[in-house]
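Below, chain A is the first sequence line, B the second, and so on; all start at residue 1.
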2 protein chains.
Amino acid sequence: MSSGVRRLTRQQQAVSDILARHTDFRSAQGWHAALLAQGSAVGLATVYRTLQFLADEGRIDVLRTDSGETRYRACSVGHHHHLVCRDCGRTVEVDAADVERWATTTAAAYGFTAVDHTVEIFGRCATCAAAARG
Amino acid sequence: MSSGVRRLTRQQQAVSDILARHTDFRSAQGWHAALLAQGSAVGLATVYRTLQFLADEGRIDVLRTDSGETRYRACSVGHHHHLVCRDCGRTVEVDAADVERWATTTAAAYGFTAVDHTVEIFGRCATCAAAARG
DNA sequence: CCAGCAACTGAGAATGATTCTCATGTTCAG
DNA sequence: CTGAACATGAGAATCATTCTCAGTTGCTGG
C-alpha cells in the first residue's frame, strides 16, 4: 500500500513551519500567499499536496466552510470540534466528549461502522454581535 | 429587501415535484438528470437556482459531502441530522435533541449568538460492510 | 564523494461544481 | 389581450482544487 518513502523537502518544511507559527484557519490559497509573503517560494500545487498529506496523517485540522472552501490549521492535541464566528472567523475549540459518544452510539445502532463525523457550530461572537448592533 | 414577487413556473414545480417523489439526497446535477430522464426539460442553471431558493426557505435539506458536493433532499418535518453511508449514500435520519442542546449551550458559554450548526455522521452501512468483506 | 533513480516540485492546463450573462420566453395584472 | 417584470437556459465565466509532465533534488549504494 505505502509504496512511497516520503522525502523531506524544503517546501514541506516551509508549509509545516508556517502552520506552526499561526493559530488561525486559512485556506490552502491563504497559506500559499503567506508563504510567498515571507519569501518562501512554494508552488500552489505543492501547498495543496502537503496540506492534504498532513491532514490525512491527522497532523492538522481541516474545516470546510459553508462557501465550499477548505481551511487548515495546525492541530492542537486530540480530537475536538469548532465554534466559528461567521462574521470575523474567530474560532474556539470545544471539547465534545458527549457528542463523540453520541455519534458512535447512534451510528452503531443502525449498523454503521468505520464511523467519522463532522460537527461544527457557526454563530456570531459577542464582539461581532456588539458591532452589528452599534 | 424582497423586491421580487416569486412567480410560479412549470420548472419550479417540476423541481419541487421530483424532490417530493424521492427520499434520497442527490446533487443538483443528479436532480437535473432525473428531471431530464422523466422528460421534464429544465435547465441546469434553473435547477441550481430553485434548489437554492428552496434551501434558503428551509423547505429542503442540504448536505455537504466530503468531496465538496452539495446534495439536496425533500425536507421531512423538523430539524434533524443525518447518518450517511459513505459507500452507497444511504441516509438515515437521526434525532439529536441532546446534540442540539449541547450546541446551543456550548455556543452560549462563549458568548455566541445566532447559532447554527452542522452535524453529519459518515460511516459504512451494514450492507456495504458485508459487501466489502465478501 | 559520486552516480543514478525515484520522489518531489511547479507552471500551467484540466476538471468539476456552481454562478453569471443576457437574449428570449412566460406569467400575471389590468 | 397586452405589456412589462420576472424567469429561463445555453454557454461562458469563476473558483477551488487536481492533474500533467518535464525538470529538479533528496537519498542510497557503490
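- Arg71(A) places its CZ atom 13 Å from the C1' atom of dA16(D), with the value rounded to the nearest Å.
- Between Leu8(B) and Ser27(B), the residue whose closest nucleotide on DNA chain C is further toward the 5' end is Ser27(B).
- Under the 4.5 Å side-chain heavy-atom criterion for ILVMFWY residues, no single connected hydrophobic cluster contains both Leu44(B) and Val42(B).
- Trp31(B) places no side-chain N or O within donor-acceptor distance of the main-chain N or O of Phe25(B), the cut-off being under 3.5 Å.
- When the C1' atoms of four end pairs are superposed on the next four at each end of the helix from dC1(C)-dG30(D) to dG30(C)-dC1(D), using five pairs per end, the two resulting axes differ in direction by 30°, to 10°.
- Within the structure, every pair that satisfies the salt bridge (Lys or Arg N to Asp or Glu O under 4.0 Å) test and touches residues 25-40 of chain A, not counting sequence neighbours, is listed here: Asp24(A)-Arg26(A).
- Hydrophobic cluster membership differs between Val62(A) and Val84(A), with clusters built from Ile, Leu, Val, Met, Phe, Trp and Tyr side chains linked at under 4.5 angstrom.
- For the pair His82(B) (side chain) and Thr91(B) (backbone), a donor-acceptor distance under 3.5 Å is absent.
- Rounded to a whole Å, the CD atom of Gln29(A) is 6 Å from the C1' atom of dA16(D).
- A heavy-atom distance below 4.0 Å to DNA chain C is reached by none of the residues of residues 10-19 of chain B.
- The distance from atom NE2 of His32(A) to atom P of dT9(C) is 13 Å, rounded to the nearest whole Å.
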| Going through the checks in order, is the side-chain contact (heavy atoms from CB on, under 4.5 Å) test met by His117(B) and Glu120(A)? | CA-CA 6 Å; His117(B) 58 270; Glu120(A) 307 296 351; over 6 Å; no

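- Residues that satisfy the side chain to side chain donor-acceptor pair (under 3.5 Å) test with Glu69(B), not counting sequence neighbours, are Arg71(B).
- The side chain to side chain donor-acceptor pair (under 3.5 Å) test applied to Asp116(A) returns no partner, not counting sequence neighbours.
- Here the shortest heavy-atom pairing between Cys128(B) and Cys85(B) reads SG-SG, 3.8 Å.
- Judged by distance alone, with hydrogens and angles left aside, the side-chain atoms of Arg73(B) form a donor-acceptor pair with the main-chain N or O of Thr23(B) at under 3.5 Å.
- Within residues 34-60 of chain B, the residues approached by DNA chain D to less than 4.0 Å at the level of any non-hydrogen atom are Ala41(B), Val42(B), Gly43(B), Ala45(B), Thr46(B), Arg49(B), in residue-number order.
- No hydrogens or angles considered: a donor-acceptor pair under 3.5 Å links the side chains of Ser40(A) and Gln38(A).
- Side-chain proximity of Thr70(A) to the nucleotides dT18(C), dC27(D), dT17(D) is greatest for dT17(D).
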